[in-house]
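Every value quoted in this text rests on a predicted model; they were computed, and no experiment measured them. We use all heavy atoms of the structure for the numbers below, so side chains are in, but hydrogens, waters and symmetry mates are not.
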Amino acid sequence: MASENSPLLAYRLLGDEGVAFSANGAGGPGGASARKLSTFLGVVVPTVLSMFSIVVFLRIDSTRSSGLQVLPQGYGWSLLYGSLLLGLVGGVCTLGAGLYARASFLTFLLVSGSLASVLVSFVAVGPRSITLAPRPGPNGSSLPPQVGHFTGFNSSTLKANLGAGYAKDYTTGAMMTFASVFAVLFNGCTGIMAGANMSGELKDPSRAIPLGTIVAVTYTFFIYTLLFFLSSFTCDRTLLQEDYGFFRAISLWPPLVLIGIYATALSASMSSLIGASRILHALAQDDLFGMILAPAKVVSRTGNPWGAVLYSWGLVQLVLLAGKLNTLAAVVTVFYLVAYAAVDLSCLSLEWASAPNFRPTFSLFSWHTCLLGVASCLLMMFLISPGAAGGSLLLMGLLSALLTARGGPSSWGYVSQALLFHQVRKYLLRLDVRKDHVKFWRPQLLLLVGNPRGALPLLRLANQLKKGGLYVLGHVTLGDLDCLPSDPVQPQYGAWLSLVDRAQVKAFVDLTLSPSVRQGAQHLLRISGLGGMKPNTLVLGFYDDSAPQDHFLTDPAFSEAADGIQEGGSPALSSLFPPPRAPGSPRALSPQDYVATVADALKMNKNVVLARACGALPPERLSRGSGATSPPHHVDVWPLNLLRPRGGPGYVDVCGLFLLQMATILGMVPAWHSARLRIFLCLGPREAPGAAEGRLRALLSQLRIRAEVQEVVWGEGAGSGEPEEEEEEEGDFVNGRRGDAEAEALASSANALVRAQQGRSRGEGPGGPEGGDGEGGPATALTFLYLPRPPADAARYTRYLALLETLTRDLGPTLLIHGVTPVTCTDL
């Protein structure tokens with residue numbers, strides 16, 4: 001874990017041996033030799049020569065001269081010529097960036113001289129007629145030769161050339177369109193990344209790349225504009241359309257044009273090959289595609305990635321098999337546009353993420369230009385070739401999915417996280433708690449966990465109960481920060497986040513340090529969540545004497561290697577959490593503090609859920625499946641205080657509705673769809689059967705809750721005596737006139753009543769009100785009980801907990817719930 005004394009990753013001032021590092025990151029072994037190119041040689045020259053590759057795409061037939069064949073022609077010969085030139089280019093790039101820079105500078109001088117001679121020829125050469133080479137006709141015949149005209153500067157020539165006038169490409173026979181012309185011409189502007197591709201070879205890349213690229217683009221734009229203007233002013237349409245090598249025909253010295261063509265082709269090839277090899281080497285170094293790019297990792301002792309150069313050379317050699325350059329022009333252009341759109345999209349994402357460290361030095365940068373660039377690239381892609389555009393986007397999507405599945409290097413950072421943070425913050429600010437309404441209520445749970453080894457079923461059950469709401473896993477580490485050298489909580493977050501991933505629950509993690517669990521629970525109840533997303537319900541495991549189970553040993557999701565090491569070399573999750581508490585060992589939380597924590601949550605207007613015996617839940621009900629193949633189960637709901645029974649129409653209070661809501665939410669989870677919801681209606685000693693059931697069914701109909709209603713009669717000791725004249729305050733059964741013995745008897749009687757109904761559902765007794773005397777009926781998977789408020793007298797907390805233990809004894813998985821907030825309404 002990094003601290004204030006940790007060295008910076010890329011800009012540390014001292015090396016391991018105390019060697020000083022310069023501000024640009026160079027230095028150390030091989031640092032000076034690895035970055036030595038200036039702005040002119042490393043950016044301007046490669047970018048200019050790459051952008052001058054338009055000369056190549058003018059498709060000058062360099063193997064012919066004035067209709068006389070100089071070199072043998074044919075597919076095989078063209079492949080041979082291309083392979084020889086590629087071998088020359090590959091040899092220069094393999095020997096390193098230094099030789100490449102010198103070769104580029106030499107070709108830059110040759111190209112500049114050739115361009116100068118062409119520009120002078122437009123002025124110095126007089127009008128002339130140029131006989132064009134005959135074109136092949138049908139049936140192997142030849143068409144009559146055409147004549148093109150160099151008119152000199154003539155306004156009529158310019159006017160005639162202003163229209164589109166698309167014709168057939170005489171090299172392929174294909175009819176030219178705006179999209180095809182743009183595809184060819186666009187390649188003359190694709191060298192702007194040449195300097196950026198050489199960033200690893202530059203002395204000062206942060207300054208050289210923007211400055212050199214802008215200078216190179218401005219220079220080439222001026223040259224292109226001048227050439228287009230001069231050509232359209234002096235050459236007629238026939239010459240322009242039927243002889244792509246017309247520069248030689250009008251030049252003062254034609255061989256110099258040919259030298260410039262060769263120099264431009266070689267320089268553009270060198271720039272593309274060395275730039276591609278550097279990108280390929282970077283991809284291989286990051287292990288993005290595994291063994292596929294492993295050969296590209298090979299470097300020389302001076303740091304030259306010759307393995308990546310040879311890898312790139314092999315890929316280009318395969319491309320040469322296509323033979324016709326126009327065959328690849330549209331595809332190459334589309335891939336260039338995809339690359340440029342990706343760069344614009346990256347800058348747009350960084351700008352929209354509002355990351356403070358994104359501070360571009362280019363003063364004209366804005367998100368508007370990035371968005372315009374992305375839209376323009378996508379539009380032109382589909383205008384040029386819809387098929388190639390769709391295929392390239394599909395390929396980019398597949399590569400992105402592959403990289404996401406493999407996981408990129410952690411040192412990269414993820415712009416998606418910055419975008420999500422920005423959007424979540426914006427919408428959290430708009431989530432106004434003052435506009436909350438009961439119609440849109442949802443449970444937002446804070447589950448306090450001591451040791452997740454014994455709480456995995458409860459973790460998954462709470463994940464099902466949240467219904468799209470907030471779910472926070474809270475843990476209290478005992479300690480006092482004043483007595484500790486550092487915070488022991490921060491290193492624990494990684495283990496808890498791994499637990500969330502492995503358990504496949506959608507939960508946040510919140511940890512705190514406190515001298516006691518009760519105080520830590522108060523901290524979490526107050527500060528967990530953010531803005532309008534704060535927990536409204538506290539979930540706790542039940543406090544009893546049962547020994548906790550180690551679910552890490554039985555849960556398939558947590559099965560790990562015997563040596564405790566995961567595949568990636570990180571420690572196994574089971575080694576990050578202590579083993580479960582042994583029976584009889586001291587606890588971090590006393591019974592008094594446990595009940596006090598429940599009381600604190602109710603004082604803070606939080607709902608409370610106490611979960612008992614969740615380890616006995618059917619595993620298929622905790623899975624992420626549909627539960628359609630699961631055996632039938634019941635979910636039982638007792639929506640009244642069994643420790644203070646009373647009948648009458650008003651007995652379903654806020655807490656009772658909360659129980660119904662939580663049970664209904666659980667039934668909406670796919671794993672619980674097949675479970676049947678049963679609501680038990682307890683009749684008072686003087687209440688006639690059927691009346692209360694009708695009122696409850698009407699209420700359920702209004703709340704759109706599908707459930708089976710069963711009436712049960714209280715037995716002996718369950719409030720069968722005369723009703724008291726004055727109702728005691730809820731929870732005063734401990735402090736009121738009832739004694740401990742009577743309260744214990746009431747809890748035992750209520751427990752027996754619940755167990756009796758569970759037994760009837762399994763066919764263990766006589767038929768219930770709905771006729772449940774069939775054998776082997778559905779078992780009760782989960783029981784919802786009303787949790788009474790803790791007594792006002794803290795001295796009775798222990799007795800209160802004992803009554804809860806008696807009430808829920810041997811009931812199986814049980815949720816004791818006390819709700820304090822309205823959760824549903826019938827208003828439109």
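Residue pairs satisfying the salt bridge (Lys or Arg N to Asp or Glu O under 4.0 Å) criterion with at least one member in residues 418-434, sequence neighbours excluded, are listed as follows: Asp432-Arg434. Sorted pairs that involve residues 260-270 and meet salt bridge (Lys or Arg N to Asp or Glu O under 4.0 Å), not counting sequence neighbours, are lacking altogether. Among residue pairs with one or both ends in residues 155-164, none qualify as salt bridge (Lys or Arg N to Asp or Glu O under 4.0 Å); sequence neighbours excluded. Pairs engaging residues 369-385 under the side chain to side chain donor-acceptor pair (under 3.5 Å) rule: none recorded [sequence neighbours left out].
Put simply, the side chain of Ser114 never gets that close to the backbone of Val111: no donor and acceptor are under 3.5 Å apart.
Under the side-chain contact (heavy atoms from CB on, under 4.5 Å) criterion, Val299 pairs with His281, Pro305, not counting sequence neighbours. Residues passing the side-chain hydrogen bond (donor to acceptor under 3.5 Å, both in side chains) test with Arg359: none are found, sequence neighbours excluded. Scanning for salt bridge (charged side-chain N to carboxylate O under 4.0 Å, His left out) contacts around Lys168 gives an empty result, with sequence neighbours left out. Looking at residues two or more places apart in sequence or on another chain, you find a ring-ring contact (aromatic ring centres under 6.0 Å, His included) between Phe153 and Phe233. Scanning for side-chain hydrogen bond (donor to acceptor under 3.5 Å, both in side chains) contacts around Asp510 gives Ser528, with sequence neighbours left out. Looking at residues two or more places apart in sequence or on another chain, you find a side-chain contact (heavy atoms from CB on, under 4.5 Å) between Asn154 and Thr151, Ser156, Thr157. Residues passing the side-chain contact (heavy atoms from CB on, under 4.5 Å) test with Val316 are Leu86, Leu273, sequence neighbours excluded. Not a single side-chain hydrogen bond (donor to acceptor under 3.5 Å, both in side chains) links Asn536 to another residue, sequence neighbours left out.
A side-chain contact (heavy atoms from CB on, under 4.5 Å) with Cys235 holds for exactly one of Asp243, Leu230, Leu240; it is Leu240.
The neighbour count for Trp441 CH2, taken as heavy atoms of other residues, nucleotides or ligands under 6.0 Å away, is above 12. Applying the 6.0 Å contact sphere to OH of Tyr427 captures no more than 12 heavy atoms from other residues, nucleotides or ligands.
Residues Ala308 and Leu280 come closest through the heavy atom pair O-CD2, 4.1 Å.
To the nearest 0.5 Å, atom CG of residue Leu372 and atom CG of residue Leu348 are 11.0 Å apart.
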